[in-house]
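We're numbering straight along the sequence, starting at 1. Just follow the structure's listing: the first ligand is 1, and inside any ligand the first atom is 1.
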Amino acid sequence: MPEHIAIIMDGNGRWAKEKGESRIVGHYEGVVSVRDIVEGCGELNIKYLTLYAFSTENWNRPKVEVDALMELLVSTIRKEADHLKRNNVRLQVIGNMDDLPEICKIEMQEGIDLTADCTGLTLILALSYSSKWEILEAVKAIAAEVKAGSLDINNIDEALFARHLTTANYPDPELLIRTSGECRISNFLLYQIAYAELYFTEVHWPDFRKVHLYEAIKDYQLRERRFGKTSEQLI
Ligand code: IPE
Ligand code: IPE
Ligand code: MG
């Protein structure tokens, strides 16, 4: 079983278009999938689930869509926070929170505080997140420490770098799922997925349910994870 699953939740807009609805309807339906997959991961005792909810690049979408997504975020956290706590789910967020509207920041922080002591699944929402942003922030922080004299350049190693990423407190995902048929990473967790197994499915996010999660996990379990070694060395 993977300890950490990351999902690029894609295809809300196309799902809605196929039904003759506006893209926003797809985003609302996507919340139903989030609920189901969070529950499914909890049932499977998966420790971490990271969901790509809004990328840095998504700020370039039409204002009506961005506003609707921010509203949906606020109303969902408001509605679901108690439910998460009851289910022992700890809410966390990665991304550039400074970009988010004030009300989003407040709601997110309340959800994080409310569930801080939960010990089951850790649900990490990537909001206004992009991997290049994250890596540059880490580089700047490390450079500042070197400049201040508190860090020796020779002590910069993979572990130190990882501690400067927004994901410092979580293990790297072993399995990355992307829905709706696109086979790209779209600036998500570039450093952390160095050795993740990638799984792409045609299913649009609003149709994605536990059964699809199980299919992805079964596929993952058939992979041989060699980490550079030969098959023979793994026996
Ligand atoms: C994913 O669905 C949700 C976000 C990126 C916020 P999309 O909105 O990207 O849906 P498609 O890819 O256009 O169908
Ligand atoms: C990636 O999906 C971001 C999220 C799922 C939040 P996009 O739909 O924005 O990605 P591209 O633009 O198709 O690569
Ligand atoms: Mg998309």
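A salt bridge between Glu215 and Lys218 is absent, with no side-chain N of the basic residue lying under 4.0 Å from a carboxylate O of the acidic one. Look at Glu80 and Lys85 and you find no salt bridge, because none of the NZ, NE, NH1 or NH2 atoms lies under 4.0 Å from a carboxylate O. For Arg78 and Glu110, the salt-bridge test fails: no basic side-chain N is under 4.0 Å from an acidic carboxylate O. Ionic pairing of Asp219 and Arg223 is present here: one or more N-O contacts between side-chain nitrogen and carboxylate oxygen are shorter than 4.0 angstrom.
When only interatomic distances are considered, the shortest N/O to N/O separation between Asp10 and ligand 2 falls below 3.5 Å. Between Gly13 and ligand 1, at least one pair of N/O atoms sits closer than 3.5 Å. In terms of polar-atom proximity, defined here as any N/O pair under 3.5 Å, Arg61 does make such a contact with ligand 1.
Using a 4.0 Å cut-off between heavy atoms, Phe188 makes no contact with ligand 2 at all. Proximity of Ser55 to ligand 1, defined as any heavy-atom pair under 4.0 Å, is not found for any part of the residue. Of the heavy atoms in Glu182, none comes closer than 4.0 Å to ligand 1.
The shortest heavy-atom distance from Ala53 to ligand 1 is under 4.0 Å. Assignment of Ser180 to the shell around ligand 1 is not supported, since no heavy atom sits closer than 4.0 Å.
Judged by distance alone, the side chain of Arg14 and the main-chain N or O of Ser180 form a donor-acceptor pair under 3.5 Å. Using modelled atom types, one side-chain atom of Asn88 and one backbone atom of Thr119 make a donor-acceptor pair closer than 3.5 Å. For Ser55 (side chain) and Asn58 (main-chain N/O), a donor-acceptor pair under 3.5 Å exists by modelled atom type. In this structure a side-chain-to-backbone donor-acceptor pair under 3.5 Å is present from His164 to Leu160.
From the protein, the heavy atom lying nearest to atom 2 (O) of ligand 1 is Asn12 N, 3.2 Å. Of all protein heavy atoms, the one lying nearest to atom 9 (O) of ligand 2 is Asn58 ND2, 2.9 Å.
For the pair Lys19 and Trp15, the cation-pi test (distance below 6.0 Å, angle within 45°) is passed.
The aromatic rings of Trp205 and Phe208 sit parallel to each other, their planes meeting at less than 30°, with 60° as the upper class boundary. Between Phe188 and Tyr129, the ring planes lie perpendicular to each other; the angle is over 60°, past the 30° to 60° tilted range.
Counting heavy atoms only, Arg178 comes closest to atom 10 (O) of ligand 2 of the residues Arg178, Arg184, Met9.
Here the Mg ion (ligand 3) has protein N, O or S atoms under 2.8 Å from it, and they come to 1.
Of the inter-residue distances, the one linking Ile153 atom CD1 with Glu145 atom CD reads 12.0 Å to the nearest 0.5 angstrom. A distance of 5.5 Å separates CD1 in Ile94 from OG1 in Thr50, rounded to the nearest 0.5 Å.
If you number the atoms of ligand 2 from 1 as listed, the ones under 4.0 Å from a heavy atom of Phe54 come out as 6 (C). Below 4.0 Å from some heavy atom of Arg14 lie the following atoms of ligand 1, by number and element: 11 (P), 12 (O), 14 (O). Atoms of ligand 1 found under 4.0 Å from any heavy atom of His27, numbered from 1 in the order shown, are 3 (C), 8 (O).
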